[in-house]
Structure formats: C-alpha cells, structure tokens
Amino acid sequence: MDERDAVTSALGASWFGAGLSIHARASLADCAALREYPAGTALLREGDETALFAVVARGRVALRMLVPERGPVTILTVEPGDVVGWSAIVPPYRSTSTAITIEPTELLVFEPRQLRSLLEADLALAATLYPRLLEAIGRRLGATRNQLLDLYAQQAEPVPW
Amino acid sequence: MVTERFLPRADLDRLIAALAESGRTVIGPVVRDGAVAYAPIAAAADLPVGWTDVQAPGSYRLQRGGDRMFDIGPPAQGLKRYTFPSRSPLTVAERDADGGVRFTPAIPDPPRLAFLGVRACEIAGLLVQDRVLAEGPFVDEDYRARRDAALVVAVQCTRAGSTCFCASMGTGPEVTGGHDIVLTELDDGYVAASGSVEGDRILARLGLEAATAAQQADSAAGVASARTAQGRAVATEGLRDRLMDQLDSPRWAEIADRCLACSNCTMVCPTCFCTSVGMESDLDGATTKLERTWDSCFTGDFARVAGGNFRPRRQDRYRQWLTHKFATWVDQFGTSGCVGCGRCITWCPVGIDVREELSIIAPPYEAAPLTELPVIAGSPGAYVPATIRSVTPETADTSTLVIEPPDDALLATRPGQFVMVEQPGFPPLPISVSRVRDGALWLTIRAAGPATAAAIALPPGAQLGLRGPLGRGWPIERAVGRDVVIVAGGIGLAPVRPLIDAVLRDRRSFGRLVLAYGARTPADRLYVEELGAWPKLDLEVLEIVDRAGPDWLGRVGIVTQLLDQRDWRDRAASAFVVGPERMMQATVATLAAGGIPAERTFVSLERHMECGIGLCGHCQMGPFFICRDGPVFAVSELGDLFGREGI
Amino acid sequence: MTARTEHQRPRVGVVKLASCDGCQLTLLDLEDQLLPILGRFDLIEFPEASSLRSHGPYDILLVEGSVSTAEQAAEVVDLRSRTRMLVTIGACATSGGIQALRNAADEPAWRASVYPEPQFISSLATATPIAEHVVVDAELRGCPIAPDQLLELLTALRVGRRPQLPVESVCQACKRAGNICVLVSDGIPCLGPVTQAGCGALCPAYGRGCYACFGPREEANVPSFHGWLSRDRAPGEADRLFAGFTGWAPNFREPATRAVVAIEEADDA
C-alpha cells in the first residue's frame, strides 16, 4: 500500500475522519502525512504557534498545562481517532496546552499553513471540516466541565458532623 | 354448599349407564399396550382395576397394586385426541374445468361423549385450551362443538406420581371447577358431587345417599395426600419474567445437546395447540382435501419460510417451547400454559425434566422484592462489638479496615449491602462492605469528617459496633449468562468489589467482564494491586483520572469516555454503576446509548442515613427508603426520580 | 417442471441398480391409482412392469438401488445425462441401503465368507447412494418407500406444487395415531425419535421399535439418543441398533461402523 492509500485508510478509520465526506477525506489525504513519534515527544507547546494539526491513528497523547506550584498537570489524554492541535486552524493559531506522546504514537499530520490555505481555497472542504472540529471540541468541553466539578472530591459516606 | 353424596363401588356401572344414555359414548382410562390410555368403555370392568403406574423421566411402567379403579396417574396422551383430534377436516377445495372454484367447509359434527376419570390437571388443560381455541377473537368451531358435546366426570387424585406437579402450578389435585360431576375414590365407593345442571340431573337420577362425615373426611384426606406426595416442584413466583430474562442463557445450548427435538413433549401436552394444514389432492389437483393436523414447534419446517428458517437449531426450538409454555403464554392468554401433569417428563425419550431445567435456567431471584426483606436486628441500637484485625491505607485519606464480627450473621452480607458502624462518642456511619473473606468484613472508609477520620485511626485490636447486613444488594443473578459492565467512580469501587469477587468466583457463568473505573487523580485510586491483577482473571480493567502529573501514562478525562465507543446492542449485558450521582447519570445515559436498557442497569444510591432500617425517615427519595428498598435499584424502577433536583 | 396439458405427458422411467426392487414395486402397489397415473404420465421404461423399453430422454426418472458395481457407477452418470428430473427412491438409493454396511468392513473378507468362488464377483468395495455420484433432484426415503408419498410426488409434479413430504420425527406420526410409545412404556429400543417420518409409524403400532427405514431426520441428535440407549445395555448393543437399512446415512454412520467393526472383531476372535 503506498503512502496515500495508507493515509486515506487511516483517516477513514478514525472517529474524526469517519464524520467527514469522501471528498473531504480525499482532499485532506493529499496534504497529510503518516508519521511515527516515540514516547515523550513534545508535539505542541502551550502558548507557542501551533506546530501541527493531527488525527491520532495509534497511541496516546497527553495534553498538559503548567501550574507553576505543581508542575505540569495532564488535563486530558487524546485516544486514537481524536484530534490534536485544533488551534492550528482557529485564530490566534496558538496552542492552548502542551501535547506530549506518552506511548509510541502514529499521527496523521497536517502542516498548519498548508491546511489553512487549503481550507480558504476549498470551501466545500471547510464546510465539512469546521463542524466536525466543533463537534470534537464540544465533546472535549463537556468532559472538561465535568472534570472541573471535581465530583470525587465531595465523595464520602455522608457524615452529618 | 354442594351436597356430597356417596356412590357405592358396585354402583359405578349405574353411573356409566346413566352417562351412556342419550347416546353418549363413555370414554375412560383402560389398560392398552402396556400403559393406560383413554378409550371407549362399556362398564366398570373396562377400567384399570387394581392397576397403578410408576412414571419417571423417560419411563412409564404399569404395576399391579391395590384394588382401586383409578389409582393411576395421567394416562398417556390424555383427552386431546377427543377434543382436538390429530387430524380434522377443514374444507374440500374443488376446481372445475372452467377455472371456477368451490369450497365446502367441514361442518362440526362431534360425537356425544362423556369423559370418566378426568384429573384436575386435565380439567385445567381443557380450560387452558378453551382460552386459546374458544374464547379469543377467533374460535375453532370444531373444538368448541366437541367441548360443548362432552360431559366431564372428574375423579380427584388420591395419589401422586413423581412426575406430577399440579400443586406447584396451582391446578390441582383438588377439582374446583370445569366438571359436571366430581368423584373421589374410597375403598368402598366414591364421594360424589355435582358441578353443573347436567351433573345434578344425572346424580339425582341415581338416587344416592348423602355422604357421611367420615366419608367426606376420607375423601379430603385422600386428596390432601396427593398434594403432599408430589415431589419436585416449579417455583412459579415471577417465573414469566425470570424466564424471559434468560433468553441468552448458555443453558439453552446445553439442553439442546440432550434434546432430540422429537416433538414427543408437545404431542403429549394437554395444552399444546400448534397445527398445520395437511393436504391431499387427486392427481390433477382438481379436488383437494385440507385438514388440520397436529404439528410441533420442534419440527424442521415449523418456522421455515422461503428465505430460510427462523428457528434452525434445536436450542432455538427448545427455548421457544419452554418460554412459550411458561412465559409468553401468560402474555397471550393470561395463565401459564403448563398444568403440571408431567407427561412431557414421562414421555421424553431421553428423560428431560422441565422442572429441573426451569430451576437451572431461571432460578428464583435471590434479591428480595421491594417490600420483603429478611427480618433482622430491628432496633437501631442493636450493635454488636467487632474487633479490628488490620488497617491498611489505600490512599492518603482512605483506609480499609478488616473487622471480625462476633458471630456469623454479618458474614452473610451480600455484595452491595452495607452495615451501620458505631464508635462510642461518634454518630453512626453507614459504610458499604467491600469484601467478606476469611471470617471478616472489609470496610473501606474515607476520612471525610471527624467520625470517619476517627474510625480509620483505630489500631488493630480495637473494637467498633456493627449492625447489619442491611439493604438490597447487587442482583447478580440478573447478570448470569450475560456480559457484565461495572462502572465505579472514586470510592464507588468499594461497594462493587464484592460483586467483582462473586463474578470472578464463578467466571464461566458470565460473558465478557469489564470494569470502568474513574478516580480523581492517580494517587486516589483504590485497590491498585487488584486493578493490576484483575485483567489476568479475565476482567478487562479500564481506568481514567480527572487529572494527573507527568508520571501517569494512562487516560485522563471523565469515566464516560471509557464507554462511549462501546456497543452492546448485539450482546446481552447487565451494568452495575456506583459513584457520585451526576457521574452515575452520565454513565447510565452512555450505557443506554450503547444498548444496555434501564431494566438491566443497576445503581447504588446514597442518602443521609441514621438508622439504616427505614425507621428514621431521613433517607427517603420519592417512595423509596434508600436504606431498605435500596441502596441498589434498577434504573427502570426509579423512573424520572433519578437525577431529579431536590428530591 | 410440470405437465399440465393432455397432449404432453411427462416421459417417466423407472430403473434399478443394486436393490431388492421393493421400491419400484410400490408404484405397482398403487393399484387403484395406476390407470389414472398411466393416463397422465408416459411410462416409457419400467422393466419390471412392461416390455416397452426406452433409453430416454426422460422427463422424470425414478432410480432405485445403490451403486455397487463399476458398471452401475457408469450407468448412473449416463442416466443422469438423459434425465431432466432424477428422483432417488428408497433407502438404497438415498443412503446406500443395508448393503452399504460393507463400506465399514473388510469387504474382500466378507465376500469370501459368502461366496465359495469370490473371484467371480466383481463389485466395488463400497455401495454408495446415488447422490454421491450425480446430482439428485428429489428423493423419496423409506424401505420401501411409502405409496402415498410416491403418489404425492407424482401429483405434485403434475399440479406444479412442492411435494408435501413432512419433515418430522416418527414420534410425531406415532402420537397422532395414538400409539403408546414402546420405548418409554416397555424399554423396547426404537429409533423413532431420530428417524424421518413417512411410513405412518408402522412398526410401533404393532409394538415393535422403529428400524429407521426412512433414515435420520433433520436435527437427529444421535449422540444424545445413543447415550440414553446405552444406559441399560451392554457396550456395543446400542451401536447395532443403528446398523440397519440406513446405517450408512451420515448421522448413523459412526455407531453403525462401530457395530460392523465389532462384529468383524468377534468373528476373528
């Protein structure tokens, strides 16, 4: 199987890619590359210009934020099928967290400038990609809100006093 | 009050003659071909005098014994051949040379019969078939005509065989209706009573004396002995639901290994009614006779259609028969289809006993129904002192106490139950039991306030007061034969651990097992070693934490993320969920979207408890006392109370 | 394939290979129906009944008997090529018949024990059902076949409907007839539960266990039944029950083979 076939196949098999049209997947496959990263690779750095937009094909990516008194805190892990680096195509194009592979990971990688130009030129692609991205971010927001509630902290056999 | 009379033994012929008047043929039990079967009789001498039978799974033997006429069990085949014959003409279809067609339906012309010797179970069978064939929106005219043309002279059983179970099916041995005359045999005659106008008339013509008190007492005692002599019974309480819950039980395949699908059980059953349309035509197909013939759900073509067969395997057919007879019949006709006559057990060529199969496939639920709990230490003050054997820290604020109770009562704690813990000087605490092992209870307690902090600070050798076990635990039997999904959040892993213990002890009875566990941070996880060991015992463990440091290489997020890509639509699964209520709601919704229905999802709820036994009133939620009606509930029981604000 | 017009009666042949000829005799046993049948079917080849001969082509060919010689193996292929609808009739044609039990045995040794000059007997080591040699369009089971099933088949062919040949156990027929089960009430071995109905439950009506003339029924659970029958019998006795007219049928083959081998071993001992 050549690279393009591998890319198309990985895109179609992912949760994110499965929600896109065939045209969208084909267009994206033209500028995507399948890359392998060893564990411990920093893909994005919090605050920096977003270095990539990627769909996780295999492995696990931890998203971390720095709390100076505590050190880096992992606030989410991204599993295969989901996306990393959505800020690459949303202004101001800066990463909101640091993304590090915590296992050997394979990603379908897009270069941010190239992807942005493609989206400006191909409106049909943009019309299917942004809603899917919003969906991915919406799920993440829902999870984050629940984490914020810190439900387990209140948990205990109820004690009156 | 029906007057009971006495018919002397020698006068049975007079009764038979009275029945035979007005042109009735009297049908009674006779000995034929090594068994007792119904056939026309002319006199009492034709009856099986001095015969009895020994029936067992796959075996029927006649034996000499005693002097009585009716000391026999259910005859081979029963009355169905007279009320619902194996072949019955329906219509004659003719086509003439011009292509016209003509149909001549058969007009019911039943013989006038009087059945003598009918047992309570057989009457029950007639009444069941009446509902099916004569009391619905469509009536089988031939059946109705035959029933209308037949007199029923019942004889109550005064003995029972090992395959009889009318008592547990509620159909005998007493005859309570459906008869024209009922007799009970004594050594020197019969206590007789009428059950209809026609019966009155016949008995009146015989001019019988009233039965004496002694005779009536003997009669009652005889029937009572038939009741107590019955052996293996069927637990009928909730049987319909229990059986329909087990459509995916692995037991069906096991029975199919033994079952021959030979259809004997359906052929001898007094209530089975399935038929086919048989056809005979002349060589040109111009005249065709259509008849109704007995068929059986066990035959190969029963469920066949042009595209295939809906029940190709023996296990499909056996399941159809058993669930129809004992469960869906109730939905269709309002009663069970089984009358407890035991013929299917006797005449099965390989001796399959439905009573045994039912008790294995659909055992009675262990969990007590809502309003019935075993009566236990009723007083909120009845604590017993228990000694702490060891204290093991699990996390920074949680420890597990291993406590020895002074007697065995507390060791009977079932998974999901809890105990009230009392330390002098502190208020009582409801604590889930997280394991019962080696004569001790394991309680995992989180120091959330002064009382719990004090409890986990106690040293080994110190004592605590315990009261319990309390509440309804996890209904493990509702998961037998199915996949099991356990979802725990935070300290919720403690009350599910005994469930995990129980399921792993009997691993083969369950399908795929998965535990989804969410904790606050990696350091807050309970039972870390066991979480690592359980996968080796074929329990899949998925973990996720709310947040973590850089050393954690597992998942970070919320517990529903472990489940939202899973699908149980093609598998039968039961789910057990415990954690913060908001987490349980989100989990229940995710599981439902994945195909686990509310009837199969069980949650453990928490409320303020002071007494733990439904007397202090604090823990109420809607109509439920969480301590007594729960803490475990099926989500379907809770309806829209679950997750409602301020309830 | 139907024949509805008066002018075009289907051309029917009846032939036999290795068999006793009882199945083709069933056609003649139809007595009252024979003339109407002959009025609607053109019987062009039936050596037992008629000197009229024909090598076909046949619209319908009823074949009795199993393939037991090399000549028969060739003949059945040749017959197939000249036949539109080939119907096997009887246990020999459908399962090999009782002669197929030699398939499990040391055939030359058997031959030698029966014939004084076995070198003049040229038969195959096996006797096999027709379906192992050519495609078969329909079958009538039985030993012999049931006259009413044969009549039904011919009627169905004429009218154009599927033949009404019920797929059920002998027990079902027995119970419809009101017979008392000989197995349950007397412990008499009866293969009814695993045998295809068709004979009207003839033997049990006379207090005798079923021989399985019609062969194993659909979903025949031989392992379970064999286990049950073995409970009260000496080892090997249950096997012999299956070594009958349809012993070579796939479901019965295993116990039948064991029985044949056991007999051989007893003979050798």
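No experiment lies behind these values; they were computed from the predicted model shown. Chain letters run A, B, ... following the sequence lines, proteins first, then strands; residues in each count from 1. All values below come from the heavy atoms of this structure, side chains included, with hydrogens, waters and symmetry mates left out.
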- Leading residue by heavy atom contact count with chain B [cutoff under 4.5 Å; candidates C/Glu168, C/Gln33, C/Glu219]: C/Glu219
Could you tell me whether [X] atom [atom1] has more than 12 heavy atoms of other residues or ligands within 6.0 Å of it?
{"X": "B/Glu280", "atom1": "CD", "answer": "no"}
{"X": "B/Arg64", "atom1": "CZ", "answer": "yes"}
{"X": "C/Phe46", "atom1": "CZ", "answer": "yes"}
{"X": "B/Arg87", "atom1": "CZ", "answer": "no"}
{"X": "B/Arg251", "atom1": "CZ", "answer": "yes"}
{"X": "C/Gln164", "atom1": "CD", "answer": "yes"}

- Side-chain donor/acceptor of B/Ser86 to backbone N/O of C/Arg176, under 3.5 Å: yes
- Query: With distance as the sole test, does B/Trp347 use its side chain to make a donor-acceptor pair with the main-chain N or O of C/Val184 at under 3.5 Å?
  - Reply: no
Less than 4.5 Å to any heavy atom of chain C: does that hold for the side chain of [X], its backbone, both, or neither?
{"X": "B/Asp257", "value": "backbone"}
{"X": "B/Ala37", "value": "side chain"}
{"X": "B/Arg32", "value": "both"}
{"X": "B/Phe302", "value": "neither"}
{"X": "B/Ala256", "value": "backbone"}
{"X": "B/Pro75", "value": "neither"}
{"X": "B/Thr346", "value": "both"}
{"X": "B/Pro85", "value": "neither"}

Kindly give the heavy-atom pair with the smallest separation between [X] and [Y], and that separation in Å.
{"X": "C/Ser169", "Y": "B/Cys262", "value": "OG-O, 2.6 Å"}
{"X": "B/Cys259", "Y": "C/Asn221", "value": "O-ND2, 2.8 Å"}
{"X": "B/Val350", "Y": "C/Phe225", "value": "CG1-CD1, 4.0 Å"}
{"X": "B/Asn264", "Y": "C/Lys175", "value": "OD1-NZ, 2.7 Å"}
{"X": "B/Asp284", "Y": "C/Arg158", "value": "OD1-NE, 2.7 Å"}

Heavy-atom pairs under 4.5 Å with chain C, option from [options] with the top count:
{"options": "B/Ala261, B/Gly285, B/Ser276", "answer": "B/Ala261"}
{"options": "B/Ala76, B/Ala286, B/Ser296", "answer": "B/Ser296"}
{"options": "B/Arg317, B/Arg314, B/Arg258", "answer": "B/Arg314"}
{"options": "B/Thr266, B/Leu260, B/Thr299, B/Leu62", "answer": "B/Leu260"}

Can you tell me how far apart [atom1] ([X]) and [atom2] ([Y]) are? Round to the nearest 0.5 Å.
{"X": "B/Tyr60", "Y": "C/Ile180", "atom1": "OH", "atom2": "CD1", "result": "7.5 Å"}
{"X": "C/Ser224", "Y": "B/Ile352", "atom1": "OG", "atom2": "CD1", "result": "6.5 Å"}
{"X": "B/Met267", "Y": "C/Cys171", "atom1": "CE", "atom2": "SG", "result": "10.0 Å"}

- Could you tell me which portion of C/Arg231 (side chain, backbone, both or neither) has an atom closer than 4.5 angstrom to a non-hydrogen atom of chain B? neither
- Message: If you apply the rule side-chain hydrogen bond (donor to acceptor under 3.5 Å, both in side chains), what do you find for C/Gln172 with B/Asp295, and how did you get there?
- Response: CA-CA 8 Å; C/Gln172 209 157 324; B/Asp295 203 344; 3.0 Å; yes
- Query: Taking atom types as modelled, is there a side-chain donor on C/Arg161 or B/Ser281 under 3.5 Å from an acceptor on the other?
  - Reply: yes
- Query: How about B/Leu283 and C/Ile37: do any of their side-chain heavy atoms sit closer than 4.5 Å?
  - Reply: yes
